[in-house]
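Each chain gets a letter, A, B and so on, in the order its sequence line appears, and its residues count up from 1.
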Amino acid sequence: MANIADSIYNMRLLDDLARQETVIHKLHPLVKLLTTVSYLTVVVSFGRYEVAGLLPLFFYPVMVLALAELPVKPILLRILLVSPFIIGIGILNPVFDQQTFVLAGREFSRGWVTFLSILLKSGLTVTAALLLIATTGMDRLAGALRILKVPRVFVLQLLLTYRYISVLMEEVARTLRAYSLRAPKQKGVHRSAWGSLAGQLLLRTFDRAQRIYEAMCLRGFSGEYHSGEINKICRWDWAYLGGWVVFFILARTYNLPLLIGSLLTGVIR
Amino acid sequence: MHMADALISPVVGGAMWAATAGVAAYSIKKVQTEMDEKKIPLMGVMGAFIFASQMINFTIPATGSSGHIGGGLILAILLGPYAGFLTIASVLAIQALFFADGGLLAYGCNVFNMGFFSCFIAYPLIYKVLMKKEYSTKRIFLASVLTAVIGLQLGAFGVVLETLFSGKTELPFGTFVLLMQPIHLAIGVVEGLVTAAIATYIWNARPEIMEKASSGETIGNISIKKVVAGLVAAAVVTGAGLSWFASSNPDGLEWAMIKTAGTAELEATGGLHQQLSDLQSKTAFLPDYSFQANEDQPEQSTGEGEEAWPAVDGGTSTSGLVGGSLTLILAALVGGGISLMKRRKYRINS
Amino acid sequence: MSHHKLEVRNLHFNYPDGHNAVKGMSFSIHHGESVGIIGANGAGKSTLLMLLMGVLFPSQGEVCVGDVQVTKKTLPMIRQRLGMVFQDPDDQLFMNTVYDDVAFGPRNYKLNEKEVEKRVLNALEVVGILHLKDRAPFKLSGGEKRAAAIASVLSMQPDILVMDEPSAALDPKSRRRVMELLRSFKHTKIVTSHDLDMIYEMCDRTIVIKNGEIAADGVTSEILVNAELMDACGLEVPLALQNCPVCGSKK
Amino acid sequence: MSHHKLEVRNLHFNYPDGHNAVKGMSFSIHHGESVGIIGANGAGKSTLLMLLMGVLFPSQGEVCVGDVQVTKKTLPMIRQRLGMVFQDPDDQLFMNTVYDDVAFGPRNYKLNEKEVEKRVLNALEVVGILHLKDRAPFKLSGGEKRAAAIASVLSMQPDILVMDEPSAALDPKSRRRVMELLRSFKHTKIVTSHDLDMIYEMCDRTIVIKNGEIAADGVTSEILVNAELMDACGLEVPLALQNCPVCGSKK
Ligand SMILES: Nc1ncnc2c1ncn2[C@@H]1O[C@H](COP(=O)(O)OP(=O)(O)OP(=O)(O)O)[C@@H](O)[C@H]1O
Ligand SMILES: Nc1ncnc2c1ncn2[C@@H]1O[C@H](COP(=O)(O)OP(=O)(O)OP(=O)(O)O)[C@@H](O)[C@H]1O
Ligand SMILES: [Mg+2]
Ligand SMILES: [Mg+2]
């Protein structure tokens, strides 16, 4: 149940953040989507033993976080909460790959490197996805999808799902609250109420969908869905996209930290 | 069982995206031609319902633990496979964006694992067939549990294959399968039982809702032939995707490792990679450029054009450490600097 | 302006399960009238509104708006003239920002974006929530949601405004605000409510429904004070007209 | 019977998003009192009730029922003493039949089936819907649902009955019936509502909440007639008291 509240807050928080007006927020949603996808592709394309090469890619989330004036804490918290699955799978790497190597005079299992690599990638990809939504918002993202010719049916459906999550979550929360008040010692819903509890919620959902459809029809809905016009992509948008893509390619092509490092250590020597 | 971005390679992600987009496009076409537009809000709100209902913990008798529903099956039952698939897709999209469950690149994998298998394979081939004769509580239970279990087993196997082909973990195939399938057997049974309980309730309370979905326009005319054709198509797409992946697996390092220092563990997965490696050298999608970068390093000890373990060489690892730390510090400084400037601007403005 | 006239002739309606919810209603409402529709729970008020709006179609009888009968064919035209505010604003605010929601109707009628903007801002201004235009509906308070729902209908510039229980779940101040707001709407209004005090203050005419039939139709100030009639229909004389609980005196 | 006493000391509560919904409330309610809690939309009434029921836990301060503080540990015991009826009965009725719903609570306390039956029939009798016992809850009318929801709480034989807006969406007759019903409940009652006329008739004592703080706490007949106070809290003098020709001038 705490889970429900948290989920609602999380969505509302991202929704709130997306309403700010910063340089990043003002960018065209499609440009942000494309940048994010290129970023993710580059991050994910790194080999499993790669750690150092990933580090320059930290620039992207850090810059966006700063420019978009987003709070760091909730986003970091999200990353920590996410993906027990990843850690669960990744933590087995050191078990299965026990080849060792020497770093700074000490022995390490190579599995730890792959694990670290997975963790880094996880952090970067999760952050990138959250940054996209936190600087764009669901409605503008939907606009971008429409520009990409994603069918109207799907986009409208997606928006409705998004819109009604909080309504239905609160409804479920109230029902569970009522349930727990009369079943003080139970953790979950007892088998005898499985069907009727969830079933009634479902029927109410059906009826609600019906009313929503009627409300839409009464305002002229005929299967077509019109969202507001989104501004054209301007030169600055292209520059943003281009700039990042060039940086990503550079970071992918050259192991920048290694270059910097060897330059520096070379100089010192 | 959300696949995460961090665990897949771009090629696996891309291939599954393509497969998913294909199925989705077909479903949208079906939805638009075969259903009234009334279903659109219903799909949207049902998607939200799945979200909300995932918060309900159902206590599993005699175990003391509890589980929740994934929703794929109940959506297929109530909305039909096409609308059900699209609804699952939008649920997963929101999970990926807002809750970072799964990711944008892994989205195709996730929709495929959790939507395709339950809506287009388990549902028509098992549920529909079992329920064809008559509706009864017993049948609903039997059909739901079987369908849910098989759908989830397929999905879990999908996760295993996708992870394996992406080559980001060291998990041997066998171990991973032994890990994933039994867990999802249990999850499938719970999903099936809960779904059956809900379906039975709806069947008693508002039979017209289910009748429409099961006998009506939407599913009635999926023939087995079509499903098989769809399966074959999916297999081809997946196969093509996988061989594409194979041809471009950027992770050649392991291959090199086997050659230089083969270990027992590595051989387990090595066999697969060995076969794929020939193709790999021909075409390279995002080739692992770190090799080239290393080539440029004079200190590098191996000269085969493939990277040796960086730590073998003290110099490289020191450079890596120094450079890496510097990069991170620089990133932090830039971020901090921008924030500071912004804050100062505010203060001046206000 | 005869085209604003709403006429209902011998209306019957059965739900698919056979329940006969409307049994032969007839009345007509002229331009500019404000009409309250009252009755016990399950009397058939919401069903009647849905028949008026063409959400349901009568099994017998007809509804005419102006001189046009409400049928599947004439529906798009009719609906532009009628605006309905639902009991639960959550059913009606389905877009992700208040602005988009209020713009939904005008955009569906293919107005250009400039005209849409004008209408939206105007509607928001009228109900006094211009400052909320970029907010998400799910974060508004009950009263704000109601105002947004009203704005989303006003932006379509309907000739007839239909509302199902507009004052439910509002605190007394917000209730007053909604009443003010409705009073400022100059065209025809049709309101259902259990809040008889609101009907008493807002509507000139009242139609009382009992078990799907019209039990009374006339001037509000005569109908609502008729204790016998009210009692027979599962209702009560408005609280403001009942005996004063402090001094017990009859009003 | 001191164990029926409900005591709230310096209660504070923040929602996870930081919203400070309850800011230092203190009061105590004795056995047999009927207390109305009123305030504008968003004042914090529902939040307060949830704190009393242990659905939420305060960030500071404490709630005691009898001599027991409400904590996670004491919750099962506390909840047997408190019964809560929700604003929307749909949220509360989740079993297949009215009977099962009313029996749900007692069965969870492992009473034998005979005792359960006795309690269920008794509760249904009290609210007057014995004839509905085998019906499915979702097929009931609004007023019937409310009665079933109340019965489902009565069957747990609580010492304290807590209700969130019990009269919402009911027609005037059903509202009266609910009021009668509540009046017949002899233990402690705590009721929130926007229906100030109901509070006026039903509750001896009223607590007015404004922005998460207690703005007034005292005898209902004094508080609700205080037009200035009501106005400051987003409320109004009950409709029945407005414009009384006899004593109206005094208020
Ligand atoms: N979808 C439906 N199928 C069958 N019967 C229905 C349906 N909807 C409503 N009814 C029945 O039709 C009758 C009229 O319902 P309606 O909703 O119009 O009442 P109402 O006057 O609006 O009541 P309330 O004041 O509670 O809103 C009721 O007896 C109700 O049970
Ligand atoms: N889950 C939540 N998260 C954050 N804030 C909340 C939450 N629930 C309520 N609030 C806020 O807390 C305040 C008190 O809410 P509450 O529901 O207690 O008001 P209320 O007095 O019951 O109002 P109403 O008369 O509309 O029912 C409001 O400002 C509300 O916006
Ligand atoms: Mg109604
Ligand atoms: Mg409340």
Is the closest basic N to carboxylate O distance between A:R174 and D:D164 below 4.0 Å? no
Inset, instruction - State whether D:D91 and A:R204 are salt-bridged, where the test is any N-O pair (Lys NZ or Arg NE/NH1/NH2 against Asp/Glu carboxylate O) under 4.0 Å. - result: yes
Result for side-chain contact (heavy atoms from CB on, under 4.5 Å) between A:R182 and one of D:Q92, D:M84, D:Q80 points to D:Q92
- [ ] Report, as yes or no, whether the 6.0 Å neighbourhood of atom NZ on D:K133 holds more than 12 heavy atoms from other residues, nucleotides or ligands.
- [x] no
In this structure, CG of D:L75 is separated from CG of A:L181 (nearest 0.5 Å) by 8.5 Å
Review point. Do the side chains of A:R177 and D:F86 get nearer than 4.5 Å, heavy atoms only?
Key: yes
Within 6.0 Å of CZ in A:R191, more than 12 heavy atoms from elsewhere:
no
Here the gap from D:F138 atom CZ to A:L203 atom CG, rounded to the nearest 0.5 Å, amounts to 6.0 Å
So, the part of D:M156 with a heavy atom under 4.5 Å from chain A: the answer is side chain
Ranking A:S196, A:A183, A:A193 by heavy-atom pairs under 4.5 Å to chain D gives rank one to A:S196
When the 4.5 angstrom heavy-atom criterion is applied to D:M50 and chain A, the contacting part is side chain
Between the CZ atom in D:F104 and the OH atom in A:Y179, the distance rounded to the nearest 0.5 Å is 3.5 Å
If one checks every heavy atom of D:D90 against chain A at 4.5 Å, the contacting part turns out to be both
Scored by heavy-atom pairs under 4.5 Å with chain A, the best of D:A149, D:P76, D:A136, D:S152 is D:S152
**Request:** Verify, without hydrogens or angle tests, whether A:Q200 (side chain) and D:M95 (backbone) share a donor-acceptor contact under 3.5 angstrom.
**Result:** yes
